[in-house]
Amino acid sequence: MARPYILSLVSLCLLVLSHSCAANRQPSKYQQQQGECQIQRLNAQEPQQRIQSEAGVTELWDWTDDQFQCAGVAACRTIIQPRGLLLPSYTNAPTIIYIAKGRNYWGITGVMIPGCPETYQSSQQSQEGEKSFRQFRDQHQKIRTFQQGDIIALPAGVAHWCYNDGDSDLVTVAVEDTGNNQNQLDNQPRLETHNDNKKEMYAKRPQQQNNIFSGFDTEVLAETFGVDPEMARRLQGKDDYRGHIIKVERDLKMVRPSRTREEQERQERGERDNGLEETICTARLVENIDSPSRADIFNPRAGRLTSVNRFNLPVLEYLRLSAEKGVLYKNALMPPHWKLNAHCVLYATRGEAQMQIVDQRGQAVFNDRIREGQLVVVPQNFVVMKQAGNQGFEWVAMKTHENAMFNTLAGRTSAMRAMPLDVLANSYQISQSEARRLKMGREETMMFEPSSRSERIKTVA
């Protein structure tokens, strides 16, 4: 009688190890109804809905799809044209945003954290009689800049806006963790705007919707803000159909350090950062994940892997999220591996790869190519491997744990390498010498260079 597969044994152990981590996430409505993620088939998907605005577009993946419901996540891709302003909004769950395109310039974002002071101020010298005094022209909370390859972390319910001050389109990919315990509503993602957005972005069918102020009485708004009723009516934006991304006619003016100074400070911060933040008001919300110099795993003949988690971006401990950026060179591969304590939302940023995903029962739920612009969800404990095509493959993955961990089935740090030879020999009914070859066959850790055999197989395929 054949011995149980090692995959099933490992999965059983991981269910115990990851129990305390899973307790920090609330089950989705789907999971409550089904009892578990009954995934029979995964698909690499393009966005299914497109919301057009004056200066850009937001594309939405179907959050009701089984794989998104299993992981308790929602995803969207936003394209902002030059001088496009993504209007202030907030969501009901923590969010990670990846800047997929925007090379050679910096974008600007503002995150309005409750209770934090307006530390960015500008003033002008004024003269009144013989007295001279300084008069404030504007003051607001901290402005943050970003560039291609940056990760932006946003807490649940915190309003933010984004501006493209470059000369080409800005593309962002956002994953919202609706299964997070900071979301006290159901699993449906919600976007609330501070200005006009005439469509309910996550509805199955677009619906007319006014902004957050439109539901209040005009007189009450006028009294609250100390303005006249006409200004209050304009605040409600009932006749404004520009959408959630608007065009700024002239350059957006605000108080911020010079770009040269920002670049210098970012470089200095990267050299001396000790991983500690004094307050939420000064917390770093942006971290670059594209730079090769920041790679955690690197093989000059295979590729690299870079992680951002609670250790190098401490705010992620509060959000309970993390991310990784992977680069595989031509025909290089990642061995079968699984996330011990997190679901993984993988978005292809360049090239293509052959990807296989197997559940804990040993059933293949995905065996197909994934291409640039497509997204697939890899549930916790599902084993995945990928091999890059002839043009290489790059991806970003958002994960539902602040310190997502993985293990592999091949390589120097794998579960197979950690087991005694006799365990392998008896499990698979092989000899000691065969078990030794199986255990010691690869010396890489995570990024494997292609062998001549794998290249022949790809050529035949």
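- Heavy-atom contacts from other residues, nucleotides or ligands closer than 6.0 Å to CD of Gln391 number 12 or fewer.
- The pair Glu287-Arg284 meets the salt-bridge criterion, since a charged nitrogen lies less than 4.0 angstrom from a carboxylate oxygen.
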Evaluate Gln81 against Ile79 for side chain to side chain contact (heavy atoms under 4.5 Å, CB included), listing each step before the verdict.
CA-CA 7 Å; Gln81 298 171 6; Ile79 303 170; 5.7 Å; no
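- A donor-acceptor pair under 3.5 Å is absent between the side-chain atoms of Asn183 and the main chain of Pro94, judged by distance alone.
- Within the model, atoms CG of Leu333 and CE of Met355 stand 13.5 Å from one another, a figure rounded to the nearest 0.5 Å.
- Residue Asn288 forms a side-chain contact (heavy atoms from CB on, under 4.5 Å) with just one option from Ile99, Asp150, Ile151, and that option is Asp150.
- His401 places no side-chain N or O within donor-acceptor distance of the main-chain N or O of Leu321, the cut-off being under 3.5 Å.
- A donor-acceptor pair under 3.5 Å is absent between the side-chain atoms of Trp338 and the main chain of Asn407, judged by distance alone.
- In this structure a side-chain-to-backbone donor-acceptor pair under 3.5 Å is missing from Glu219 to Pro229.
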Working note: Ile108 + Leu252, criterion side chain to side chain contact (heavy atoms under 4.5 Å, CB included); need CA distance, chi angles, decisive distance, verdict.
CA-CA 10 Å; Ile108 307 168; Leu252 200 65; 5.9 Å; no
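- Distance check: Gln48 CD to Glu46 CD gives 8.5 Å after rounding to the nearest 0.5 Å.
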Would you please test His244 and Ser89 for side chain to side chain donor-acceptor pair (under 3.5 Å) and show each step?
CA-CA 9 Å; His244 62 289; Ser89 62; over 6 Å; no
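- Salt-bridge annotation for Lys247 and Glu54: absent, with no side-chain N of the basic residue lying under 4.0 Å from a carboxylate O of the acidic one.
- In summary, Arg350 and Glu372 do not engage in a salt bridge, as defined by a charged side-chain N under 4.0 Å from a carboxylate O.
- Atom CG of Asn211 is separated from atom CG of Leu235 by 7.0 Å, given to the nearest 0.5 angstrom.
- The side-chain heavy atoms of Ile80 and Asp169, taken from C-beta on, include no pair separated by under 4.5 Å.
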List the steps and the verdict of side chain to side chain contact (heavy atoms under 4.5 Å, CB included) for Ile97 and Leu154.
CA-CA 8 Å; Ile97 300 174; Leu154 297 175; 3.5 Å; yes
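- Looking at every heavy atom in both residues, Ile39 comes nearest to Arg361 through O-NH2, 3.8 Å.
- Of the candidates Thr78, Leu87, Ile51, Ile245 forms a side-chain contact (heavy atoms from CB on, under 4.5 Å) with just one, namely Thr78.
- Considering only residues two or more places apart in sequence or on other chains, Thr445 meets the side-chain hydrogen bond (donor to acceptor under 3.5 Å, both in side chains) condition with none of them.
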Applying side chain to side chain contact (heavy atoms under 4.5 Å, CB included) to Arg304 and Tyr329, what does each step give before you reach the verdict?
CA-CA 9 Å; Arg304 65 180 186 271; Tyr329 303 152; 4.2 Å; yes
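- Panel note: side chain Thr178, backbone Gly72; a donor-acceptor pair is recorded below 3.5 Å.
- No side-chain donor-acceptor contact under 3.5 Å links Gln380 and Asn341.
- Atom CZ of Phe448 and atom CG of Asn299 lie 9.5 Å apart (nearest 0.5 Å).
- Summarising the geometry, atom CG belonging to Asp296 is positioned 11.5 Å from atom CE belonging to Met446; distances are rounded to the nearest 0.5 Å.
- Panel note: side chain Asn180, backbone Leu319; a donor-acceptor pair is recorded below 3.5 Å.
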For the pair Asp62 and Thr64, evaluate side chain to side chain donor-acceptor pair (under 3.5 Å) and give the outcome as yes or no after the intermediate values.
CA-CA 5 Å; Asp62 182 9; Thr64 65; 2.6 Å; yes
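- No side-chain N or O of Glu324 forms a donor-acceptor pair with one of Thr306 less than 3.5 Å apart.
- Put simply, CD1 on Ile246 and OG on Ser53 are 10.0 Å apart, with the number rounded to the nearest 0.5 Å.
- Applying the 6.0 Å contact sphere to CD of Glu118 captures more than 12 heavy atoms from other residues, nucleotides or ligands.
- Arg83 meets the side-chain hydrogen bond (donor to acceptor under 3.5 Å, both in side chains) test with no other residue; sequence neighbours excluded.
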Tyr347 and Arg77: side chain to side chain donor-acceptor pair (under 3.5 Å), yes or no, with the steps?
CA-CA 10 Å; Tyr347 175 79; Arg77 180 171 60 206; 3.0 Å; yes
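- For the 3.5 Å distance criterion, the side chains of His343 and Thr400 fail to qualify, holding no donor opposite an acceptor.
- Shown here is Met231, whose CE atom has no more than 12 heavy atoms of other residues, nucleotides or ligands within 6.0 Å.
- Taking the six-membered ring for Trp, Trp161 and Tyr163 have ring centres at least 6.0 Å apart.
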